Amino acid sequence: MAGFLQTDIKYLKGIGEARAKTLASELDITTFGDLLEYYPARYTDRSRFYSISEFAGEMPSVQLKGHFINFTTEGEGRNRRLRATFTDGHRLMEVIWFSKIDTIARMYAPGKEYVIFGKPTLYRSTWSMAHPEIDAYDPDRPPTGLQGVYPLTDNMRRRGFTQRVLRTAFENLLANPALDTLPESLPQKVVDKYGYPGRVESYRALHAPTDPATLRRARERMKFEELFYLELQILRFARTRSHTLKGYVFPHIGSYFNRYYSECIPFELTGAQKRVLKEIRADMKTGRQMNRLLQGDVGSGKTMVAFMSMLMAADNGFQAALMAPTEILASQHYETIRGWSASVGLDVALLTGSTRAPERRRIHAGLLSGEIHFIVGTHALLEEKVEFRKLGLAVIDEQHRFGVAQRARMWGKGATPPHVLVMTATPIPRTLAMTVYGDLEVSVIDELPPGRKPIETWLRTNAHRGEVYRHMLRQLREGRQAYVVHPLIDDNEKLDLLSLEVGLQRIQDTFPEYRTAWVHGRMKPDEKERQMQSFVSGEARILVATTVIEVGVNVPNASVMIIENAERFGLSQLHQLRGRVGRGAERSWCILMTKDRIAAQTRRRLEIMTRTTDGFLVSEADMKLRGPGDMEGTQQSGIAFNLRLANLATDGQLVAAARETAEEVIAGNPVITGGSPDARPEGGIPLDIPSLQILADELRRRFGRKTDWSLIS
Ligand code: ADP
Ligand code: MG
């Protein structure tokens with residue numbers, strides 16, 4: 001049975017050697033099984049014939065019955081085209097071809113009846129259709145109902161690999177009697193519980209749907225199946241590792257932590273900070289390595305949580321590291337942590353790409369001897385030369401800039417891996433976080449320190465620049481500071497730098513009495529540092545910058561942030577930027593500037609920012625609009641998701657159901673995560689051996705790795 005799915009695609013009628021090569025190189029499809037799971041991107045309604053008089057507005061692809069009246073070629077060379085007039089018997093429309101002109105002119109005859117299928121567009125008050133699909137009309141063949149439209153690549157089209165070729169291939173595949181012998185791929189209990197259609201029935205419904213309701217059920221079932229196997233794989237991965245990886249045990253809370261907490265801490269911790277610290281403390285006592293994701297909105301006080309966790313490491317005789325994604329952020333953290341550490345007599349060093357050689361050597365030696373307790377830095381911390389006497393905790397700030405591979409390198413810094421705390425200000429829903437960051441436990445700071453005044457967000461176009469600058473001037477006159485942020489996107493860097501320079505000039509001309517600092521990613525680090533410093537110290541009152549300031553920069557006196565070309569930023573990024581203001585006690589403003597005309601959709605997206613300052617709501621909305629694939633951080637679980645139908649952002653409920661089911665299946669079958677096959681399953685969904693075998697086969701097929709459960713052979 002597995003044989004059917006693994007059959008080489010070249011043996012499928014309608015495919016053959018040449019097309020098989022194209023499928024392999026273009027879509028990575030090499031077997032029957034691969035093709036079965038290549039689903040239509042959308043469906044067209046071919047259940048009836050349209051008439052031209054019905055055409056109005058934005059049309060989907062439609063099917064018409066009628067005949068061509070005439071064909072004419074016009075133009076020369078690349079401008080050559082073929083035009084035909086087509087009639088449905090009542091009205092006329094135009095059909096046009098830009099390629100294969102001679103073949104087409106030969107193939108179709110005026111007067112003969114055809115069924116044509118394509119997307120009508122209105123051009124100069126005439127309806128026309130380019131390159132429609134054309135079939136001779138066959139009165140014995142009724143209109144066919146819903147029809148799948150498969151995604152094709154340009155290379156496929158160029159090689160004549162059309163929708164029709166693919167549809168014929170699917171007809172042949174679905175007609176193969178071996179298809180019906182495929183076993184159910186989900187545990188039967190689960191299929192029954194949700195009343196899902198069976199596996200084969202679902203394949204048929206997805207490729208050759210009979211009606212919309214059946215199609216909907218089949219899609220949902222296959223989405224669930226994808227998510228179920230994804231969750232199963234993630235849970236296996238995470239649990240197997242937590243069984244095998246030993247971690248340091250931090251049994252004590254000692255004098256560093258206690259003294260800092262009772263004598264030095266500059267503010268009362270929020271309830272959420274205390275709760276999260278308890279979770280971290282509990283983790284680090286267990287003897288298993290901690291891998292924890294700390295989600296907390298911008299300004300929620302993650303740094304203090306990190307520092308107090310580092311104190312726990314120190315209390316147990318260990319060193320701790322804090323890694324940040326940029327030099328500026330690393331130096332800010334360093335200043336903060338050095339201040340806090342000094343009060344309890346711990347030594348901190350800063351290591352970045354621009355640390356000079358002698359200082360670097362001193363740090364290397366200090367870390368090796370253990371004289372340096374805490375190290376703050378950038379990626380430079382990952383270099384091989386950086387060795388610790390006893391690294392007990394690695395904190396990684398702003399997770400989305402680091403991948404799993406880098407975390408793994410942190411683990412490698414000792415025979416026993418340090419505990420790892422990953423902090424992110426891009427909050428995402430819990431189930432999604434557990435999926436995206438698969439192997440991490442999740443803690444959430446869901447409370448801001450008291451006394452924060454909300455940030456007001458405005459959406460303004462260029463036309464309102466005068467009003468915006470007057471507002472900024474009032475704030476500057478009150479002694480506050482302002483950020484002006486410009487986008488910088490790699491493939492357009494020259495242009496962006498230019499617009500940054502223009503923007504800088506405009507600010508300097510408008511506010512000549514205030515000093516303006518400016519930074520961008522292409523600046524030398526020491527120049528950047530100098531400019532930043534002048535803003536941090538308050539000497540410069542305005543900072544014009546590209547997004548290098550995105551994360552972490554802390555200037556509580558800043559009360560205005562203007563974001564230019566806001567339409568070019570993702571919502572989560574805007575939220576991060578906005579978090580740079582509202583850090584002091586006064587009111588703050590974030591002003592999103594766009595060009596005068598923006599698409600309605602873009603406006604709706606940006607308006608979300610004006611309605612909420614809750615990072616969770618922002619990132620949820622962002623994800624729904626952009627899909628999680630584009631979201632920073634989604635590629636980091638270390639597991640390829642391979643989702644074809646399901647969407648982590650929009651199928652939240654299915655994700656949760658699939659997670660729960662995967663947990664039940666594991667609970668009922670401890671062998672899945674390396675437990676003893678003799679263990680009596682308690683609750684959960686126990687499976688018989690053939691069903692377990694199917695699960696193992698599916699995991700192998702989907703995630704490549706060999707799934708070896710010693711019980712089943
Ligand atoms: P983020 O979570 O964005 O990294 P920070 O750790 O930079 O936030 O904290 C933002 C600001 O809030 C800092 O100035 C910090 O000192 C302050 N802060 C943190 N926790 C508290 C608290 N419990 N009470 C008052 N201020 C706090
Ligand atoms: Mg931070």
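One-based numbering, in listed order, for ligands and for the atoms of each. These numbers come from a predicted model, not from an experiment.
Formation of a donor-acceptor pair under 3.5 Å by the Gln273 side chain with backbone atoms of Thr270 is found in this model.
Using a 30° and 60° split on the angle between ring planes, His520 and Trp518 fall in the tilted class, from 30° to 60°. Using a 30° and 60° split on the angle between ring planes, Trp340 and Phe307 fall in the tilted class, from 30° to 60°.
In this structure the side chain of Tyr261 reaches within 4.5 angstrom of the side chain of Leu269, judged on heavy atoms.
Here Thr303 has heavy atoms under 4.0 Å from ligand 1 in both its backbone and its side chain.
Paired with Phe569 under the rule side chain to side chain contact (heavy atoms under 4.5 Å, CB included), one option of Leu574, Leu592, Leu606 passes, and it is Leu574.
Close contacts of ligand 1 with Gln273, meaning ligand atoms under 4.0 Å from a residue heavy atom, involve 19 (C), 20 (N), 22 (C), 23 (N). Counting atoms of ligand 1 from 1 in the listed order, those under 4.0 Å from a heavy atom of Thr270 are 23 (N). For ligand 1, the atoms closer than 4.0 angstrom to any heavy atom of Glu268 are 22 (C), 23 (N), 24 (N). Residue contact check: Val298 has heavy atoms under 4.0 Å from atoms 3 (O) of ligand 1. Close approach of ligand 1 to Leu269 is summarised as follows: ligand atoms under 4.0 Å from at least one heavy atom of the residue are 23 (N).
Polar contact check, Gly301 against ligand 1: a nitrogen or oxygen pair lies under 3.5 Å apart. Between Trp340 and ligand 1, a contact under 3.5 Å exists for no N or O pair. Checked by distance only, ligand 1 and Gly299 come closer than 3.5 Å through their nitrogen or oxygen atoms.
Under the side-chain contact (heavy atoms from CB on, under 4.5 Å) criterion, His333 pairs with Thr303, Leu322, Ala324, Leu329, Val376, Asp397, not counting sequence neighbours.
Between Arg275 and Glu447, none of the side-chain N atoms (NZ, or NE/NH1/NH2) sits under 4.0 Å from a carboxylate O, so this pair counts as no salt bridge.
Residue contact check for ligand 1: Ser300 places a non-hydrogen atom closer than 4.0 Å to it.
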